[in-house]
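In what follows, a structure is listed as structure tokens, so that the remarks can point back to it.
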Amino acid sequence: MLTSFDPQNVRSLVNGEALTSGSTQPILSPHDSAEVGRLHLADASTASAAVSAAREAQASWAAVPAVQRGAILHKACNLIEARAEELSRIVACEAGKSLKDARGETAGAILCGRFFAGEGQRMFGRTMPSGTPEKSAMTVRQPCGVAALITAANTPAPNFAWKVFPALVCGNSVVLKPAEETPVSADWMARILIGAGIPPGVLNVVHGLGSEVGPVLASHPGVDVISFTGSTRVGRLIAEQAGRELKKVSLELGGKNAFIVCDDADIDKAVHWASLSAFSNAGQRCASGSRFIVMDNVYDDFVNRFVAKAKSLRLGVEDDCDLGPVINLRQLSAMLAALERAKAEGAEVLCGGQRAETAGLGNGFYLNPTLVTNLPPHSHMAQTELFGPIGIIFRVGSFEEAINLANNSPYGLTGAIHTRSWDRAWTFTQRLSAGIAVVNAGTFGSEPHMPFGGLRNSGNGTREPGTEALDIYTELKDIYLITEPERL
Ligand code: NAD
């Protein structure tokens with residue numbers, strides 16, 4: 001029997017039991033640093049116990065037909081929808097966003113959950129002809145076993161749905177390690193899923209410091225597949241640890257995404273989408289636009305309007321605000337340090353560049369929307385993801401130069417172009433070295449039925465969500481059937 005939800009005391013859930021820990025830390029509102037709850041930090045032994053519980057429960061969950069697993073997940077989506085406002089308020093509080101944005105994320109999480117619940121009715125394999133007479137060939141999908149899922153804090157509800165729903169519908173049991181900053185929504189959602197009929201040992205949640213429980217999950221012999229959303233630095237560590245055990249790993253990592261403005265672009269639209277790409281969710285999206293590559297002829301016009309737009313944005317967590325704080329002080333300090341380094345390298349800060357100190361925001365982790373120029377493409381800031389509201393603007397003389405600069409990055413997640421030319425648009429989609437290419441909109445905006453992922457430092461080649469996520473959470477098995485005509 002589950003103990004009741006207590007946002008003031010968020011504890012790990014292992015086999016349906018909430019585990020109190022002697023070690024706790026405050027959950028801080030990024031908006032004003034107020035303590036909104038306490039997180040009980042799991043240690044290595046709790047992480048191991050969660051893996052054992054998941055192992056124990058997995059076989060009977062795998063024996064439930066995928067269609068029925070999907071039906072339970074559909075029920076969970078209905079329950080989340082019925083209480084969507086509650087989840088949105090939790091997310092708004094722990095992640096420091098407006099209720100309007102949190103509501104949008106809750107809707108996105110439900111959409112993603114429903115898509116994967118429906119995959120229970122599809123879960124396709126393939127039938128293929130055999131080269132041998134009287135032989136049939138096909139593939140079926142089987143669960144991997146225990147899935148360890150590690151998530152980031154930027155959009156906590158969709159991040160949960162993006163991994164937990166596909167892992168479960170495929171018949172895996174789960175150990176989820178949510179970001180330390182946003183544990184309350186993960187606890188709430190896990191309880192809803194268990195309430196909908198997911199057996200307790202099938203969905204376990206381990207709250208703890210990533211550096212402490214993460215390596216346990218990444219290297220545990222009882223874990224069969226690891227799916228991670230977070231920084232490239234941690235992704236590398238996980239790949240190393242999991243690689244030693246030859247575990248299946250999916251890494252959804254960072255981006256330094258290019259946004260090209262051509263000289264034939266609709267500049268009003270380009271400014272609108274540039275601002276959303278750089279500053280919505282305080283720039284805390286792997287798919288944020290952070291390198292703005294602008295053609296000479298429209299450079300002054302675009303930059304003047306983009307800077308004016310950035311200066312006009314309202315900071316805060318009310319519904320009419322444009323951006324909120326970043327998730328924690330460490331993140332804010334890292335951005336301020338990167339800005340100092342960029343200035344030392346000759347960067348010109350066109351707007352922002354400092355912590356927001358205006359009324360009511362001084363205790364929050366707010367950075368004024370920042371645009372920087374005069375940086376060489378190989379500079380630290382141009383090559384490093386900052387995960388905050390900072391954009392760098394480059395001037396280019398031609399379409400060719402724009403494409404080359406867009407591709408000059410250790411990352412390869414998304415990119416956008418603004419142009420009225422079909423030829424430029426299509427050529428961009430073909431030549432951009434990234435997993436996602438967008439024409440005349442923002443660098444972000446993935447859909448749950450579409451595969452998302454990137455190249456180089458942005459990931460390890462897997463794609464989530466979409467049907468492609470089934471490739472992560474299932475193992476394909478070939479089946480050959482031989483018929484014997486003489487027995488007919
Ligand atoms: P982070 O890597 O610091 O943390 C992400 C998660 O990893 C957290 O749950 C954290 O506790 C855990 N973690 C930390 N150290 C660990 C370790 N040694 N072993 C295992 N787990 C560990 O990332 P962050 O700063 O919280 O999140 C921002 C990053 O996430 C950005 O780089 C962003 O681009 C990326 N991101 C990527 C996607 C995508 O789909 N590609 C989506 C959202 C965010």
Side-chain angles (χ1 to χ4, degrees), residues 98 100-101 255-285 287-316 319-324 335 339 342-343 346-354 356 358 366-377 379 381-382 386 388-399 401-403 405-406 414-422 424-425 428 432 437-445:
S98 67
K100 184 181 77 182
D101 286 356
K256 191 77 189 177
N257 306 301
F259 184 108
I260 298 177
V261 183
C262 293
D263 52 12
D264 60 356
D266 175 333
I267 299 296
D268 281 341
K269 246 194 207 158
V271 168
H272 169 76
W273 282 109
S275 175
L276 286 174
S277 296
F279 303 129
S280 66
N281 207 33
Q284 298 173 109
R285 299 181 198 276
S288 282
S290 49
R291 295 183 298 131
F292 296 87
I293 300 170
V294 187
M295 286 172 78
D296 221 0
N297 292 349
V298 291
Y299 185 88
D300 290 340
D301 187 20
F302 173 80
V303 173
N304 289 339
R305 289 205 239 170
F306 191 17
V307 170
K309 175 82 183 170
K311 285 181 174 168
S312 76
L313 296 178
R314 232 188 117 211
L315 276 66
D319 277 353
D320 59 351
C321 292
D322 299 289
L323 70 154
M335 287 187 296
L339 278 160
K343 282 192 263 182
E348 182 188 349
V349 178
L350 298 170
C351 58
Q354 341 75 14
T358 42
Y366 284 90
L367 185 78
N368 283 315
T370 299
L371 292 172
V372 170
T373 187
N374 204 27
L375 269 177
S379 59
M381 185 177 266
L386 297 173
I390 302 180
I392 309 171
I393 307 179
F394 299 96
R395 185 196 286 262
V396 290
S398 67
F399 176 74
E401 202 186 331
I403 293 278
L405 186 50
T414 77
I417 191 167
H418 280 252
T419 178
R420 289 189 175 96
S421 154
W422 184 88
R424 282 174 167 174
F428 167 80
L432 183 73
V438 181
V439 176
N440 290 335
T443 48
F444 64 99

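Excluded from the calculations below are hydrogen atoms, water molecules and symmetry mates; all remaining heavy atoms, backbone and side chain alike, are included. These numbers were taken from a predicted model, which means no experiment stands behind them.
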For this session: May I ask you to test the V261-I267 pair for a side-chain heavy-atom distance under 4.5 Å?
Result: yes
Seminar exercise, completed: Looking only at heavy atoms, the pair that brings G346 and N374 closest together is O-ND2, 3.1 Å
Exercise. Parallel, tilted or perpendicular: which describes the rings of F259 and F292, with under 30° parallel and over 60° perpendicular?
Worked result: tilted
For this session: Grab the two heavy atoms, one from A416 and one from A441, that are nearest each other, plus how far apart they are.
Result: CB-O, 3.7 Å
Exercise. Does K256 use its side chain to pair, donor to acceptor, with the backbone of M381 at less than 3.5 Å?
Worked result: yes
Exercise. Which heavy atom of A406 sits nearest a heavy atom of L432, and at what distance?
Worked result: CB-CD1, 4.1 Å
For this session: For residues R285 and S280, determine if any side-chain heavy atom of one lies less than 4.5 Å from a side-chain heavy atom of the other.
Result: yes
Exercise. Are R424 and D264 side-chain neighbours, meaning at least one heavy-atom pair lies under 4.5 Å?
Worked result: yes
Exercise. Does T414 use its side chain to pair, donor to acceptor, with the backbone of T443 at less than 3.5 Å?
Worked result: yes
Problem set entry | Side-chain heavy atoms of N281 within contact of D101, under 4.5 Å | no
Seminar exercise, completed: Tightest non-hydrogen contact, residues A382 and P377, listed as CB-O, 3.3 Å
Exercise. Heavy atoms, side chains only, cut-off 4.5 Å: are S277 and N257 in contact?
Worked result: no
Problem set entry | Note, M335 side chain near P389 side chain (heavy atom, < 4.5 Å) | yes
Exercise. Looking only at atom types and distance, does a side-chain atom of N440 sit under 3.5 Å from a main-chain N or O of T419, one as donor and one as acceptor?
Worked result: yes
Exercise. How about T358 and Y366: do any of their side-chain heavy atoms sit closer than 4.5 Å?
Worked result: no
Exercise. Among D268, D266, D300, which residue meets the salt bridge (Lys or Arg N to Asp or Glu O under 4.0 Å) test with R305?
Worked result: D268
Exercise. Is there side-chain contact between L315 and F279, with at least one heavy-atom pair below 4.5 Å?
Worked result: no
Seminar exercise, completed: side chain to side chain donor-acceptor pair (under 3.5 Å) filter on S379, not counting sequence neighbours, yields none
Problem set entry | Pairwise distance CD1(I390) to CG(L367) - rounded to 0.5 angstrom | 5.5 Å
Exercise. Is the backbone of D319 close enough, under 3.5 Å, to the side chain of S98 for a donor and an acceptor to pair up by distance?
Worked result: no
Problem set entry | C262 SG to F428 CZ distance, which is reported to the nearest 0.5 Å | 9.0 Å
For this session: Using side chain to side chain contact (heavy atoms under 4.5 Å, CB included) as the criterion, point out the one residue from I417, I260, D263 that pairs with F399.
Result: I417
For this session: Please round to the nearest 0.5 Å and tell me the distance separating atom CZ of F306 and atom CH2 of W273.
Result: 13.5 Å
Exercise. Looking only at side chains, do R395 and T373 share a donor and an acceptor under 3.5 Å apart?
Worked result: no
Exercise. At their closest point, which heavy atom of A274 faces which heavy atom of F302, and how far apart are they?
Worked result: CB-CZ, 3.8 Å
Exercise. CZ of R420 to NZ of K269: how many Å apart, nearest 0.5 Å?
Worked result: 8.0 Å
Exercise. If you measure from CD1 on I392 to CD1 on I293, what distance do you get to the nearest 0.5 Å?
Worked result: 10.0 Å
For this session: Output all residues satisfying side chain to side chain donor-acceptor pair (under 3.5 Å) with E348, sequence neighbours left out; order by chain, then residue number.
Result: none
Seminar exercise, completed: V396 and A402 have their tightest heavy-atom pair at CG2-CB, 3.9 Å
For this session: Mind checking the CG-OG spacing from L313 to S275? Nearest 0.5 Å is all I need.
Result: 4.5 Å
